[in-house]
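First the proteins, then the strands, lettered A, B, ... as listed; each starts at 1.
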Amino acid sequence: MKVATFNINNVVRRLPNLLAWLRKTKPDVVCLQELKAEDAAFPAAALEKAGYGAVWCGQKTYNGVAILARGSTPVVTRRALPGDESDVQSRYIEAAIGGVLVASIYLPNGNPQPGPKFAYKLAWFDRLIAHARALKKAKVPVILAGDFNVVPTDLDIYPSKSWGDDALLQPESRAAFRKLLKQGWTDSVRALHPKEPMYSFWDYMRNRWPRDAGLRIDAVLLSPGLAPTLRAAGVDRWVRGKEAASDHAPVWAELDLPTRNATPPRAPRAQPKARARSRSAKR
DNA sequence: ATGTCATCCGATGGATGA
């Protein structure tokens, strides 16, 4: 099973880019962030046509998260992060897909800091840490994927002093991310690529993409039970170089899990292809 | 401080967020 996270930076404007990437890489599960679209504007029909069922939490102009599944529709378990009923920002959605619980996360940016936005970021992080702990205790396979808006270490950013005051690099932000990981989550890309930067975001400003001045702020985290299934992980950098690209590139992890809706490579019984096809055609 | 992209509101551009 291939699971990916992609901060799409406006799913309506970026739909051609999203569809081209889905066609080329065929992830089984996709977490999207920064839809920047109201519920009614989400391009569900186009994604369905591309073979993906979707669930989403939209919001006008800002935020917005979604989960896509190839050949099925995710079963929503939560549409908001617990812990603050007054929080109306669309930053969390959680769903079950083939026995795995998947969360699409858009952690607050937190700039400028210090200030109310940074306080909101840290409070949101605390709520995420508490909820992640509860999910872990449930002993089910869980994937936490999204834009965590944290540069975890200095390896995760190009050599630069211009981000010193940024909320993404503050010790409090980094400590919160460490605290989350310490519960036992595996940062897929970092686990398999411990020495390379593996950037996932390049600011539009100041020629940062052409000079590879990137940040690694998007991640696919695996619960302890899933960690041994991790086979490969990476960043689809080429997506960032396309016309009208998002400022993020997709981050993915390949797990050695049976994919319920995938066509099996060989036929254990008669006509498995036809059966698999008719099942997905019902969607 | 700079500079990029995009949208909002509501007016021919400034404020905002990332």
Would you measure the distance from the P atom in B:dG10 across to the matching atom in B:dC5 and give it in whole Å?
27 Å
In whole Å, I'd like the distance from the OH atom of A:Tyr204 to the C1' atom of B:dA6.
8 Å
Send over the distance from A:Arg240 CZ to B:dT4 P, rounded to a whole Å.
13 Å
Heavy-atom pair of closest approach, residues A:Gly146 and A:Thr5
CA-OG1, 3.2 Å
Taking the side chain of A:Arg91 as its heavy atoms from C-beta onward, which of B:dG3, B:dA18, B:dT7 lies nearest to it?
B:dA18
Round to a whole Å and report the spacing from CG of A:Asn111 to P of B:dT4.
19 Å
Over-ring placement of A:Lys26 relative to A:Trp21, 6.0 Å and 45° cut-offs:
no
Nucleotide nearest A:Tyr62 (side chain, heavy atoms from C-beta), chosen from B:dC5, B:dG17, B:dT7
B:dG17
Using whole Å, what does the distance between atom P of nucleotide B:dA6 and atom CG of A:Asn9 come to?
7 Å
Determine the Euclidean distance between corresponding C1' atoms of B:dC8 and B:dT2; express it in Å to zero decimal places.
24 Å
Given B:dT7, B:dG3, B:dA18, identify the nucleotide with an atom nearest to the side chain of A:Lys117.
B:dA18
Would you mind telling me which of B:dA18, B:dT7, B:dT2 lies closest to the side-chain atoms of A:Tyr106?
B:dA18
The test is side chain to side chain donor-acceptor pair (under 3.5 Å); show your working for A:Arg208 and A:Tyr158 and say whether it passes.
CA-CA 10 Å; A:Arg208 291 228 170 98; A:Tyr158 64 99; 2.9 Å; yes
Hey, any chance A:Ile93 and A:Trp124 share a hydrophobic cluster, counting ILVMFWY side chains that come within less than 4.5 Å of each other, even indirectly?
no
Which residues pass the side-chain contact (heavy atoms from CB on, under 4.5 Å) test with A:Ser188, sequence neighbours left out?
A:Val220, A:Leu222, A:Leu230, A:Ala233, A:Ala253
Take atom C1' in B:dG17 and the same atom in B:dG3, then report the distance between them in whole Å.
15 Å
For A:Ser162 and for A:His248, find the nucleotide of DNA chain B with the closest heavy atom, then tell me which residue's nucleotide is more 5'.
A:Ser162
With the side chain defined as heavy atoms from C-beta on, A:Lys60 is closest, among B:dA18, B:dC9, B:dG3, to B:dC9
Please, what dot-bracket string fits DNA chain B when only Watson-Crick and G-U pairs with both distances under 3.5 Å count, crossing ones use [ ] and pairs to another strand use |?
...((((((...))))))
A:Arg13 or A:Glu34: which one's nearest nucleotide on DNA chain B is closer to the 5' end?
A:Arg13
Phosphate contact (B:dT7 OP1 or OP2) by A:Asn10 side-chain N/O below 4.0 Å:
yes
Separation of atom CG in A:Leu35 from atom P in B:dT7, rounded to whole Å:
14 Å
Considering all heavy atoms, the nearest A:Asp87-A:Arg127 contact
OD2-NH1, 2.8 Å
Using the six-membered ring wherever Trp is involved, compare the ring planes of A:Trp56 and A:Phe42 and label them parallel, tilted or perpendicular (cut-offs 30° and 60°).
parallel
Starting at CZ of A:Arg208 and ending at C1' of B:dC5, how long is that distance when rounded to a whole Å?
14 Å
With hydrophobic residues grouped by side-chain heavy-atom distances under 4.5 Å, do A:Phe148 and A:Ile157 end up in a single group?
no
In whole Å, what is the span from the NZ atom of A:Lys36 to the P atom of B:dA18?
8 Å
Would you tell me if any nitrogen or oxygen in the side chain of A:Arg14 comes within less than 4.0 Å of OP1 or OP2 on B:dA6?
yes
Just the rounded figure in Å: distance from P of B:dG17 to CG of A:Asp203.
16 Å
